[in-house]
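Okay, structure first, notes after.
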Amino acid sequence: MEEHVDMPFGVWTKIEGNRSKLDGKQLFLLESWDCDRNSNEIIKTLRRMIPEFLRLNKYLCTQVGVETNEHHFKRILDMAI
């Protein structure tokens, strides 16, 4: 997206509302990651987020010129889940 969304915490209209700068796929991901406070649902949601975490890790590593160590990153994610 290459764009910073400057806003106070909790102003979701700029993220998910009519003023959103996100595309349809990004909005769909946010919607699919919604969960309640149930710990099982939180873990399921975290697992659904893994592909995006991996994509973002690869993108950021490329931007700063460091090696993408996907195996190491996956190990870290496994510890969190």
Show which side-chain atoms of residues 43-58 pair as donor or acceptor with protein atoms under 3.5 Å away, not counting sequence neighbours.
from: Thr45; atom 1: OG1; to: Glu41; atom 2: O; distance (Å): 2.8
from: Thr45; atom 1: OG1; to: Arg48; atom 2: NH2; distance (Å): 3.1
from: Arg48; atom 1: NE; to: Ser32; atom 2: O; distance (Å): 3.3
from: Arg48; atom 1: NH2; to: Ser32; atom 2: O; distance (Å): 3.0
from: Glu52; atom 1: OE1; to: Arg55; atom 2: NE; distance (Å): 3.2
from: Glu52; atom 1: OE2; to: Arg55; atom 2: NE; distance (Å): 3.0
from: Glu52; atom 1: OE2; to: Arg55; atom 2: NH2; distance (Å): 2.6

Name each donor-acceptor pair under 3.5 Å that joins a side chain in residues 64-81 to protein atoms two or more places apart or in another chain, with its distance.
from: Asn69; atom 1: OD1; to: His72; atom 2: N; distance (Å): 3.1
from: Glu70; atom 1: OE2; to: Lys74; atom 2: NZ; distance (Å): 3.2

So if you build clusters from Ile, Leu, Val, Met, Phe, Trp, Tyr with side-chain heavy-atom gaps below 4.5 Å, do Leu29 and Leu27 land together?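 In one cluster: yes.
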